[in-house]
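Below: one structure, written as structure tokens.
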Amino acid sequence: MTRSGRFAVLLAAALAVAFVFLALPMVAIFVDTSPGALLDSLGSGESLDALRLSLECSALALAVIVIVGTPAAYLLATRSFRGRAFVVTVLELPLVLPPAVAGIALLAALGPKGILGSALADTGVELVLTTAGVVVALTFVASPFYLRQAQAAFAAVDPTLLAAARTLGAGEARAFGRVAIPLARGGLAAGAALAWGRALGEFGATLMFAGSLRGVTQTAPLAIYDRFATDFPAALALSAVLLAVSAAVLLAVRLAAGTEALGRART
Amino acid sequence: MLALEARHALRGFALDVALDVAPGRCLALAGPSGAGKTTVLRIAAGLLRPGAGRVSCGGEVWLDTARGRDLPPERRRVGVVFQDYALFPHLSARDNVVFGVAGQPRAERRRRAQDALERLGVGGLAGARPADLSGGERQRVALARALAREPRALLLDEPLAALDARNRSRAGHELERVLSAAGVPVLLVTHDFGEAAALADEVAVLDRGRVIQRGVPDHIAAAPASAFVADLVGATVLTGTARAGANGLTTVALDGGGEAVSTDIAEGRVAVSLYPWEVVLEPPGTPPAGSARNRLEARVASMTRLGNRVRVGLTGGQPLTAELTAASADDLGLAPGDQVVATWKGTATRVVPLD
């Protein structure tokens, strides 16, 4: 066998190992779940509640992330200012923060004894052990994924196009809305999908900050952990559903990235 | 009248210019890349605020740093055609133009955009995306977009640079017609003196942030103010030392050997400028017969055929370029490596300051 032939076999072997290792557990979830169990678990109100809570909270978190994150990312991508690198680093820190640490950090900041705790209590906002707390936890862990992608997407927009918009009578806001956002939309969609996927799977920070109260703060991942000891088939069925939803999200990312690549090729 | 005065620190040098352009006139700012040309356009458009300066147009003050006035680009009523046209890739040609037409109901804006495209002969392409247009078509759409908002001044950055050589001269004629019809002051920047001469009524040569010569293109070409300008307008520039010679002529001892004679009066370190088409090539050993007073021995280094002409690169003491008809080059049987004598007249020899 030639040297390059051996190398090709080595590459293929590495890919095969990675593929089997990553795919096997995911396939196993569906193999171990009988369709009947799946339907049964979905028929149970508790599982459905958990799933609905997950979808609602992650959608709400995503809305907050996109509404605040889009202009923030635009500013980071189009302006240079003192301390910009520091700001970017802090914004990306939650990416590498262990979820348990994120939960503790949220408690320390927004919990009853946290630095903003009494201020929040005065305004009547309760986050710990509430659904709102889940949204806060999801927003905290998921927003860096969107910010990163959105910043890269805006940075890739040709600044001359924004300058052209200005000379055509558009103020900064109109140049942002009519030129920057449409041109960055592929990257923005990919970032939103990633952030949503991360929020959907969030476990540690939610558990520590908002707890695991059925129907109130128990999202699907928390419900899976809750069933795990007592009702393994139910945990498995819920996992299968969550996996399917996550796969759909990933597919959306691929499609968004795909159309963006297509758009680039055409220009 | 568009009037601009600006001082602004750039990398390595300071921009310091004062320009004015009357309505219906076109001023070309010519210079090498990095001379600060585009910076001047950005200052005029309001995309860059200079350290100090004043920009006014038609009685309206757009910028006056002394009084703290600085209108943003969207309030300057200026039409800009960017170097690569900067058409919005996600909008059709028509919507690109509609983008700049403000104020009216949507249907009226669309009608005006369509009119602007028709006037530039690209009305049929209104529905096409920029990616599907050729370079020349994009240029017309960009012009239509800049003109549709009825600007008080028009700014163009290297308007022909993005076109291939085949389309450039036709697009140039077309552009000249459009610019003179616009009836507003036009300021364009280009690194190509030929382009400046073709499009503009007047040329200002910019070097390292300063205008070093301004005038009608023919005058600048005939009497470049310095070696830098001579080089920009396409002349061959030779360096040497001048002294008063016989018969009231100036003799320049060229660096690297040889002499040149000129009717210009000069002394000391100078540059000699002559145009490639004024150089005549003769086989070596030909006795001086004509009236040309300059003779330099040189070797043919390169030959580039441009249609019916040939550009011949010569190496003597200093590199020299001659331009001949292809027929003459064939008659001489000229080939790279040949030894020749380059001759030219003293009256065709400009002696200019070495910057």
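By convention in this document, chain letters (A, B, ...) are assigned in the order of the sequence lines, proteins followed by strands, and residues within each chain are numbered from 1. These figures come from a predicted structure and were not determined experimentally.
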* **Members of residues 161-178 of chain A whose heavy atoms come closer than 4.5 Å to chain B** => A/Leu161, A/Ala163, A/Ala164, A/Ala165, A/Arg166, A/Thr167, A/Leu168, A/Gly169, A/Ala170, A/Gly171, A/Glu172, A/Arg174, A/Arg178
* To do: Check the surroundings of atom CZ in A/Phe7: do more than 12 heavy atoms from other residues, nucleotides or ligands lie under 6.0 Å from it?
  => no
* **Close contacts, residues 60-87 of chain B versus chain A, judged by heavy atoms under 4.5 Å** => B/Pro72, B/Pro73, B/Glu74, B/Val78, B/Val80, B/Phe82, B/Ala86, B/Leu87
* Does atom CZ of A/Phe81 have more than 12 heavy-atom neighbours from other groups under 6.0 Å away? -> yes
